[in-house]
Amino acid sequence: MTNISLLLCLVITILVASGFANGSGYEPKEKIGVYELKKGDLSVKFTNWGATIISLILPDKNGKLADVVLGYDSVNEYKNDTSYIGAIVGRVANRIGGAQFTLNGTHYKLVANEGKNILHGGLRGFSDVVWKVKKYKNGGHTPSIAFTYHSTDGEQGFPGDVIVTVTYTLLGDKQLSIKMKAKALNKPTPVNLAQHTYWNLGGHNSGNILSQHIQIFGSKITLVDKSLIPTGKFASVKGTPYDFLKPQVVGSRIDKLKATKGYDINYVLDGPAGNKLKRAAVVHDSKSGRMLELSTNAPGMQFYTSNYLQDVKGKGGCVYQPRAALCLETQGFPDAVNHPNFPSTIVTPTKSYKHYMLFKFSTSA
């Protein structure tokens, strides 16, 4: 009986230490709060649950303010969110085929959460943990907030300890800078973070985004199979519904994409590799006059038209439906760890991760 009790205690200890099989039983060490940055007539609110953007308020061409990102009324609702609304996703954003990869001769099996594949970091990725507020300054010329998270060795199956920091800063006239950095402490590991805000420049409660215009500075896409796992091949967007090299109405060809019920694809962004910013996308809502211009140093951008939002109760009782918003997820290429011809997403103790995004907001008639 004593031996059985000792064995039972040992099993419980192991489960607790592993976070109950890398999914349930999560006990945050930090308190969950809401924080605001404000500069002129741009204001942004965040929570350290998932380092999430929970609101972004902008004027339209007539000076009328509106919240242009989807979200919830309370922080607790973000804990039950399954659409990654507003959050930082990782350790590896997007999909890894078969939830596995081999690195330096070691095979790693990850925690699958989309059939046999892993999406946005697994059952409990970076969007479902409490980040520590490292720095918070709501005032001066550059209001900013920095969140940090220590991802441990073996978390969701990924190797090595990683320290991740995300800094949001308001700059100049209606600009939002996002800097994502990661440092591997002891082992090489893939890192690919993405900011998963759902944008509707007409206002989060204004209906769908099908009449808005978008321009995407990517002349190729990464081809995918029926599970949205890249095949390793690329295709030109010219002459296809994916061609947004010139501004096009979002909904003009969306119904041709029946398999995915809309846009959900990684664009290979044109422009130089490295840390220099390049234009990724421009979005314009003609009714409100609001415009968004996004620049990044990332090689890719997932364009997603919220195809699978369904009866999601959001802010103020608004119920979000498919195509209620669009996501502009700058990123490394999906499943890059399994495709040697893709830009590497491997971070080492001597090679850190740096991912920058710059949003410029404006209005036009």
Side-chain angles (χ1 to χ4, degrees), residues 53 56 58 60-61 66-71 83-86 94 176 194-222 224 228 235-270 279-296 298 300-312 314 318-331 334 357 359-365:
I53 294 176
L56 192 149
L58 281 173
D60 67 5
K61 60 187 176 183
D67 187 352
V68 298
V69 302
L70 272 55
S83 301
Y84 310 95
I85 290 180
N94 217 300
L176 171 64
Q195 215 297 330
H196 211 293
T197 287
Y198 286 71
W199 300 94
N200 186 330
L201 294 183
H204 79 96
N205 56 354
S206 65
N208 65 53
I209 42 78
L210 297 180
S211 64
Q212 295 180 18
H213 289 75
I214 189 168
Q215 182 176 13
I216 298 176
F217 299 90
S219 54
K220 294 180 181 179
I221 56 173
T222 48
V224 294
L228 301 184
S236 170
V237 300
K238 291 183 179 179
T240 76
Y242 297 105
D243 188 352
F244 290 98
L245 290 169
K246 295 182 179 180
Q248 302 280 352
V249 176
V250 173
S252 59
R253 298 158 297 174
I254 196 170
D255 289 330
K256 294 182 180 180
L257 305 173
K258 298 187 185 301
T260 51
K261 301 181 181 179
Y263 292 96
D264 192 4
I265 196 73
N266 175 63
Y267 282 79
V268 179
L269 296 176
D270 300 329
R279 297 174 88 191
V282 176
V283 183
H284 181 232
D285 175 51
S286 56
K287 185 176 180 180
S288 69
R290 293 188 185 93
M291 183 176 292
L292 173 162
E293 180 180 336
L294 171 60
S295 299
T296 186
M301 184 188 77
Q302 191 84 6
F303 176 44
Y304 176 55
T305 45
S306 55
N307 312 322
Y308 296 100
L309 285 183
Q310 189 72 49
D311 299 327
V312 176
C318 182
V319 179
Y320 303 135
Q321 300 292 359
R323 304 173 181 179
L326 52 85
C327 298
L328 306 169
E329 306 161 54
T330 59
Q331 59 182 3
M357 303 175 77
F359 292 92
K360 296 181 180 179
F361 304 101
S362 59
T363 55
S364 65

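Hydrogens, waters and symmetry mates are skipped; everything else that's a heavy atom, side chains included, is used. For the single chain, residues carry numbers from 1 onward in sequence order.
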Pairwise distance CD(Gln321) to CD(Gln310) - rounded to 0.5 angstrom
5.0 Å
Distance-minimising heavy-atom pair for Gly202 and Ser288
CA-OG, 4.3 Å
Under 3.5 Å, side chain of Thr240 to main-chain N/O of Tyr242, donor-acceptor pair present?
yes
Students often mix this up, so state it plainly: with edges at 30° and 60°, are the rings of Trp199 and Phe359 parallel, tilted or perpendicular?
tilted
Pairwise distance CD(Gln212) to NZ(Lys287) - rounded to 0.5 angstrom:
11.0 Å
Which pair of heavy atoms, one from Gly218 and one from Leu245, lies closest together, and at what distance?
O-CD2, 3.6 Å
Going by atom types alone, do Tyr198 and His204 pair a side-chain donor with an acceptor below 3.5 Å?
no
Look only at the side chain of Asn208 and the backbone of Ala324, and say whether a donor-acceptor pair between them is shorter than 3.5 Å.
no
Note, Val69 side chain near Asp67 side chain (heavy atom, < 4.5 Å)
yes
Looking at Lys256 and Asp243, is any side-chain nitrogen of the basic one under 4.0 Å from a carboxylate oxygen of the acidic one?
no
Verify the distance criterion only: is there a donor paired with an acceptor across the side chains of Asn307 and Thr260 at less than 3.5 Å?
no
Rounded distance (nearest 0.5 Å) linking atom CG of Asn94 with atom NE2 of His196
8.0 Å
Value for CD1 (Ile85) from CG (Leu309), rounded to nearest 0.5 Å, stands at 5.5 Å
Mind checking the CG-CD1 spacing from Leu210 to Ile254? Nearest 0.5 Å is all I need.
5.5 Å
Report the distance from atom NZ of Lys261 to atom OG of Ser306, rounding to the nearest 0.5 Å.
12.5 Å
Taking all non-hydrogen atoms of both residues into account, name the closest pair between His284 and Ser364 and its distance.
NE2-OG, 3.0 Å
Counting heavy atoms not belonging to Lys61, are there more than 12 under 6.0 Å from its NZ?
yes
If we only count heavy atoms from C-beta on, is the Thr296 to Met301 side-chain gap below 4.5 Å?
no
For the residue pair Leu56 and Leu176, what are the closest heavy atoms and their distance?
CD1-CD2, 4.0 Å
Exercise: identify the closest heavy-atom pair between Leu70 and Ala325
CD1-CB, 3.6 Å
Looking at every heavy atom in both Val268 and Thr222, which two are closest together, and how far apart are they?
CG2-CG2, 4.1 Å
Donor-acceptor under 3.5 Å (Arg290 side chain, Leu201 main chain)
yes
Can you check whether Leu328's main-chain N or O pairs, donor with acceptor, with Gln302's side chain at less than 3.5 Å?
no
Residues Asn266 and Glu329: side-chain donor-acceptor under 3.5 angstrom
no
Hey, do the aromatic rings of Tyr263 and Phe244 have their centres closer than 6.0 Å?
yes
Sub-3.5 Å donor-acceptor pair from the side chain of Gln195 to the main-chain atoms of Thr197, do we have one?
yes
